[in-house]
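These notes concern the structure reproduced below.
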Amino acid sequence: MQRATEMLPALKERAAHTEKLRRLPEETVADLLASGLYRIGVPVRYGGLDIDYALALDVAAELGRACPATAWCYGLWAAHAWLVGYWPEYAQEEVFGSDPDALCSSSLNVGRSTCSPVDGGYRLSGRWEFSSGCDAASWLMLGVPGIGERNWALVPQGEYEIVDTWFVSGLRGSGSKDILVEDAFVPAHRILDVTTAGDGDWTGWELHRQSRYRLPIPALLGWDLVAPMLGIAQGMLDEFIAKTVGTMGAAKSADAPAVHIRVSEAAAEIDAGKALMNRDVREALDRADAGEGFTTLERAKYRRDKAYVTQLCLQAVNRIFDIGGGHGLFESDPLQRFHRDAHAVAHRDTLIMDLGGQEYGRVALGLDAEGRI
């Protein structure tokens, strides 16, 4: 955590440049890798740190206080490094065997793609959206159709094309561009059945003996998107307080009761979101340590809470931005960047309460979940 905190001044200084570049600067990627923080996600046998995966989420939240795009890419990269550990051993060796710092980007929905069986594997073609951090990645993790209920493929650099479509209002620096694959061969060992990984298929647990591989992927996946949002909200509040402290006197912000209440409410929302995330993640990892399974209601609760924490943070950001004054509209002011980036995060469908929270209500009322959770 100290290493993450020490990176904040440089990340904050580069934040505007990162937006203009529309991807992370090479020096930021180099700093992340040099810090060793990425290795939290990497399996231990490939040079990863023997540290609880929950720390990667704390790091992502910390980085988000300075540069949301960096926090977003870091959180996803660390999560992808963890996920690679579920694949067959040969695939893991291909990714991390010669480079423990190999980065993997993703687009986990099937996009507009086709996947046809051939001898030894599959032929894959298609186009996928929103592959954050793909410019720095040497592997892609892509959702593929036509194999089973939910499957992902690992595709190496050189077998896909990055299409620059990322002209957006928020998270500009994340470089979440389109991916194009034209008739690539994917050997069978690079395909993962997501529905059974850590939930019947114990490859990850048998290879690594880390608790993160003793639970179904959906129980933990998604917090890597929420943690940066906590950092964005905290960064927004930090920036507003730093600007406002000392503005005393008639009609000045620091004397206004309305400002006092909004600062208090926003801080409470952020603290509540952190507490809820930490509780859920700790509970999931503890259950994995004990070799316990997860009920449908528990799985639905985790999905609900990821959306709820995101919305709490969005409320905090909006609450502060609305009293940030006219100067908060200038591109030179970090407040407008935090505001835009927060709305970009909250546009992820699973982080919208109407979608992410629906299954919990169904299951709590005795109905079947709509599909596997």
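Put simply, NE2 on His339 and OG on Ser169 are 10.5 Å apart, with the number rounded to the nearest 0.5 Å.
Between the side chain of Gln92 and the main chain of Trp87, a donor-acceptor pair closer than 3.5 Å is present. A donor-acceptor pair under 3.5 Å is absent between the side-chain atoms of Arg319 and the main chain of Arg262, judged by distance alone. Looking only at distances, no side-chain donor or acceptor of Tyr122 sits under 3.5 Å from a matching main-chain atom of Val144. A distance-only check finds no donor-acceptor pair linking the side chain of Asp333 to the backbone of Glu331 [under 3.5 Å]. Checked by atom type and distance alone, the side chain of Arg150 never pairs as donor or acceptor with a backbone atom of Val194 at under 3.5 Å. Using a distance-only test at 3.5 Å, with no hydrogens or angles considered, a donor-acceptor pair links the side chain of Trp128 to the main chain of Gly143. No donor-acceptor distance shorter than 3.5 angstrom exists from the side chain of Ser113 to the backbone of Ser125, with no hydrogens or angles considered. Looking only at distances, a side-chain donor or acceptor of His260 sits under 3.5 Å from a matching main-chain atom of Ala254. In this structure a side-chain-to-backbone donor-acceptor pair under 3.5 Å is present from Arg123 to Asp183.
The same ILVMFWY cluster, assembled from side-chain heavy atoms under 4.5 Å apart, contains both Ile217 and Val95. Transitive grouping of hydrophobic side chains (ILVMFWY, heavy atoms separated by less than 4.5 Å) keeps Tyr360 and Met277 in distinct clusters. Under the 4.5 Å side-chain contact rule for hydrophobic residues, Ile261 and Ile241 do not share a cluster. No single ILVMFWY cluster, assembled from side-chain heavy atoms under 4.5 Å apart, contains both Leu215 and Leu297. Tracing side-chain contacts under 4.5 Å through hydrophobic residues (I, L, V, M, F, W, Y), one never reaches Leu207 starting from Ile191; they form parts of separate clusters.
Across Pro145 and Cys115, no two heavy atoms sit closer than the pair O-CB, 3.3 Å. Considering every non-hydrogen atom in both Arg212 and Ile51, the closest pair reads NH2-O, 2.9 Å. Nearest heavy-atom pair across Phe240 and Leu335 is N-CD2, 4.1 Å. Counting all heavy atoms, side chain and backbone alike, Ala15 lies closest to Ala66 at CB-O, 4.1 Å. Smallest separation of non-hydrogen atoms from Val181 and Ala184: CG1-CB, 3.5 Å. Counting all heavy atoms, side chain and backbone alike, Arg279 lies closest to Arg304 at NH2-NH2, 4.4 Å.
For Asp52 and Arg282, the salt-bridge test passes: some basic side-chain N is under 4.0 Å from an acidic carboxylate O. The pair Glu239-Lys12 meets the salt-bridge criterion, with a side-chain N (NZ, NE, NH1 or NH2) lying under 4.0 Å from an Asp/Glu carboxylate O. In summary, Asp135 and Lys177 engage in a salt bridge, as defined by a charged side-chain N under 4.0 Å from a carboxylate O. The pair Asp341-Arg172 does not meet the salt-bridge criterion, since no charged nitrogen lies less than 4.0 angstrom from a carboxylate oxygen.
Few gaps surround CD on Glu292; more than 12 heavy atoms of other groups in view lie less than 6.0 Å from it. Heavy-atom contacts from other residues, nucleotides or ligands closer than 6.0 Å to CZ of Phe185 number more than 12. For CD of Glu27, the number of neighbouring non-hydrogen atoms (other residues, nucleotides, ligands) closer than 6.0 Å is greater than 12. More than 12 heavy atoms of other shown residues, nucleotides or ligands fall within 6.0 angstrom of atom CZ in Phe167. Heavy-atom neighbours of Arg348 CZ from other residues, nucleotides or ligands within 6.0 Å: at or below the threshold of 12. Other residues, nucleotides and ligands contribute only 12 or fewer heavy atoms inside 6.0 Å of the CD atom of Glu26.
Within the 4.5 Å cutoff, the side chain of Leu171 has heavy atoms near those of the Pro68 side chain. Val281 places a side-chain heavy atom less than 4.5 Å from the side chain of Leu220. Residues Met7 and Leu37 form a side-chain contact, since some pair of their non-hydrogen atoms from C-beta on lies under 4.5 Å apart. Residues Ser131 and Leu140 are in side-chain contact: their nearest non-hydrogen atoms beyond the backbone lie under 4.5 Å apart. In this structure, Thr350 and Lys306 have side chains that are not in contact, with every pair of non-hydrogen atoms separated by 4.5 Å or more. Arg303 places none of its side-chain heavy atoms less than 4.5 Å from the side chain of Arg299. Using a 4.5 Å heavy-atom threshold, the side chains of Ile40 and Tyr74 count as touching. For the pair Cys134 and Ile179, the minimum side-chain heavy-atom distance is below 4.5 Å.
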Is there a side-chain contact (heavy atoms from CB on, under 4.5 Å) between Leu76 and Leu225? Walk through the geometry before answering.
CA-CA 7 Å; Leu76 286 166; Leu225 308 180; 3.4 Å; yes
Worked check of side chain to side chain donor-acceptor pair (under 3.5 Å) between Glu283 and Tyr302:
CA-CA 10 Å; Glu283 178 182 286; Tyr302 297 149; 2.7 Å; yes
Does the side-chain contact (heavy atoms from CB on, under 4.5 Å) test come out yes or no for Phe96 and Arg45, once each step is laid out?
CA-CA 9 Å; Phe96 289 131; Arg45 70 183 291 165; over 6 Å; no
Take Leu103 and Tyr38, measure what side-chain contact (heavy atoms from CB on, under 4.5 Å) needs, and give me the verdict at the end.
CA-CA 9 Å; Leu103 298 175; Tyr38 174 63; 3.6 Å; yes
Please evaluate residues Val168 and His347 with respect to the criterion side-chain contact (heavy atoms from CB on, under 4.5 Å), reporting the C-alpha separation (whole Å), side-chain torsions for both, the decisive distance (0.1 Å), and the verdict.
CA-CA 12 Å; Val168 291; His347 271 66; over 6 Å; no
Would you check, one step at a time, whether the test side chain to side chain donor-acceptor pair (under 3.5 Å) holds for Thr203 with Glu89?
CA-CA 8 Å; Thr203 300; Glu89 183 177 7; over 6 Å; no
Run Gln2 and Glu6 through side chain to side chain donor-acceptor pair (under 3.5 Å) and show every step you take.
CA-CA 6 Å; Gln2 182 178 345; Glu6 288 171 351; 3.0 Å; yes
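Judged as a ring-ring contact (aromatic ring centres under 6.0 Å, His included), and not counting sequence neighbours, Tyr308 has no contacts. Here His80 pairs with nothing under the ring-ring contact (aromatic ring centres under 6.0 Å, His included) rule; sequence neighbours left out. Evaluation of the side chain to side chain contact (heavy atoms under 4.5 Å, CB included) rule for Phe130 yields Trp166 as partners, not counting sequence neighbours. In this view, Tyr86 and Trp82, Tyr213 satisfy the ring-ring contact (aromatic ring centres under 6.0 Å, His included) rule, not counting sequence neighbours.
His208 and Tyr46 have perpendicular rings, their planes meeting at more than 60° on a 0 to 90° scale where under 30° would count as parallel.
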Report, one line per pair, each donor and acceptor closer than 3.5 Å where one atom sits in a side chain of residues 151-159; sequence neighbours left out.
{"from": "Trp152", "atom 1": "NE1", "to": "Leu108", "atom 2": "O", "distance (Å)": "3.4"}
{"from": "Gln157", "atom 1": "NE2", "to": "Ala137", "atom 2": "O", "distance (Å)": "3.3"}

Scan the side chains in residues 229-238 for donor-acceptor partners under 3.5 Å anywhere in the protein, sequence neighbours excluded, and list what turns up.
{"from": "Gln234", "atom 1": "OE1", "to": "Lys274", "atom 2": "NZ", "distance (Å)": "3.2"}
{"from": "Gln234", "atom 1": "NE2", "to": "Asp238", "atom 2": "OD1", "distance (Å)": "2.9"}
{"from": "Asp238", "atom 1": "OD2", "to": "Arg65", "atom 2": "NE", "distance (Å)": "3.1"}
{"from": "Asp238", "atom 1": "OD2", "to": "Arg65", "atom 2": "NH2", "distance (Å)": "3.3"}

